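Quick notes on the structure that follows.
Numbering of ligands and ligand atoms starts at 1, following listing order. Values below: all heavy atoms of this structure, side chains included; hydrogens, waters and symmetry mates excluded. Starting from 1, each residue takes its place in the sequence as its number. What you see is a predicted model, and the numbers here were worked out from it, not measured in a lab.
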Amino acid sequence: MTTTARAYPNIALIKYWGKADEELMLPAAGSLSMTLDIYPTVTSVRRNNNDADTMIFNGRPATDRELARAVRLLDVLREIATERGLPQAGTWHVDIATRNAAPTGAGMASSASGFAALAVAAAAEFGLELSPAELSRLARRGSGSAARSIVGGVALWHAGTDAQSYAEPVSAPEMRMISVVVSRKHKKITSREAMRITAATSPYYAGWVETTQEMLPAAVQACADGDFTRLGELAEMSALRMHAAIMACEPPIHYLEPVSWEIIALAGELRENGIPVYATADAGPNVVLITTPTYAEEVAQAAQNLGTVSISGPGPAAQVLPASASLFGGEGEKHE
Ligand code: PMV
């Protein structure tokens, strides 16, 4: 059998940066994001009869590091399956084929969609019926932000214990996100490594965690109130405070490039002209502009000289696709 699933990336409004537990992938603070309706990852998983997992990534064999991250999530799943009365599951292995529509590693959150799609496809291939909260916790073990890509629309990912730390949907004002891709280059330093360095060396890390714990409930309240302006202000602040903490590392880490700052400045200029738009950026040089549906086209036009723009609305939850969506070719083929 083969199971295929699709998940979309998400962009955080209140950022996750720093872990309370590296092994369990528990965040130091909660976060809030919107799942996008562009750049999906599609992942097919099929049980094999071998004693190892294999992975094809965007049509080529996965690197050892990529495979190791997938295996880590699968190990958690094998444990869950064993606990749920499938004593053989500890020895089950799979072939994975996965394809990202987003530029991998350039700050467009392809790890979030990737691990969410893997969690959903692998759980179904194992015959396990996991709840959305359980799938979110499983996806979290691959990449923290993947916990949020299980959920459609706006997602709140809770900090806390393993049992508490999953994402759930919250109602929010209608938003559009305009991603301005300025670079498809692989980022120099992974978010995992940079989070470690920030926690270990940035004098602002403690302040970052503390301010996130204050901004998160305020952002959730703004969502409940349908208050786009307040949500936008908090989102931009969260991004700038995260990057401030990161830049203050020893040695410093720079994710934002001159053109990134131009796009952030553009948001401010547009606001002065009465357009409700706020900027955010993840661990890379690309910037995402957050606005309301009414202004999406205008904002995209204003940014198009600075990068490749795409407009996204709220995307769907991660889900299993029909068998015809399989990325595996004919029976027994190793490649897509
Ligand atoms: O889950 P990771 O390791 O991809 O970390 C994501 C970190 C940021 O994208 C920078 C922030 C966030 O909340 O998505």
Tell me whether K15 has any N or O atom under 3.5 angstrom from an N or O of ligand 1. no

Heteroatom proximity flag, S111 to ligand 1, N/O under 3.5 Å: yes

Can you tell whether the side chains of R60 and E66 come within less than 4.0 Å, N to carboxylate O? yes

Please step through salt bridge (charged side-chain N to carboxylate O under 4.0 Å, His left out) for the pair R230 and E233, ending with a clear verdict. CA-CA 5 Å; R230 186 63 191 140; E233 286 169 357; 2.9 Å; yes

Taking the cut-offs as 6.0 angstrom to the six-membered ring centre and 45 degrees off its axis, would you call R69 and F115 a cation-pi pair? no

Check: of Y255, Y16, F115, W157, min heavy-atom distance to atom 6 (C) of ligand 1 comes from Y16

R140 and ligand 1 - part of the residue with a heavy-atom distance under 4.0 Å: neither

Greater than 12 external heavy atoms within 6.0 Å of E214's CD: yes

Please identify which atoms of ligand 1 are closer than 4.0 Å to at least one heavy atom of A283. 10 (C)

After noting the C-alpha distance and the side-chain angles of R176 and E297, does the key distance pass the salt bridge (charged side-chain N to carboxylate O under 4.0 Å, His left out) rule? CA-CA 10 Å; R176 294 293 178 268; E297 286 292 342; over 6 Å; no

Evaluation steps, salt bridge (charged side-chain N to carboxylate O under 4.0 Å, His left out), between R84 and E129: CA-CA 10 Å; R84 304 242 169 142; E129 283 192 22; over 6 Å; no

Where ligand 1 meets A12 - atom numbers and elements under 4.0 angstrom, heavy-atom basis: 12 (C), 13 (O), 14 (O)

Does R148 qualify as a cation-pi partner of W157, given the criterion of NZ or CZ under 6.0 Å from the six-membered ring centre and within 45 degrees of its axis? no

Give yes or no for whether the N/O distance cutoff of 3.5 Å, strictly under, is met between R192 and ligand 1. no

Would you say W17 and ligand 1 have an N/O pair spaced under 3.5 Å apart? no

Can you list the ligand 1 atoms lying under 4.0 Å from a non-hydrogen atom of G144? 1 (O)

Can S31 be said to touch ligand 1, with heavy atoms closer than 4.0 Å? no

Distance alone, cut at 3.5 Å: any donor-acceptor contact between the side chains of S179 and S310? yes

With respect to atom 5 (O) of ligand 1, which of M25, E193, M195, H243 exhibits the smallest heavy-atom separation? M195

Can you check whether S143 has an N/O within less than 3.5 Å of an N/O in ligand 1? yes

How about CD on E23, more than 12 heavy atoms from neighbouring residues, nucleotides or ligands closer than 6.0 Å, or not? no

Ligand 1 to K19 polar contact by distance, N or O atoms, under 3.5 Å: no

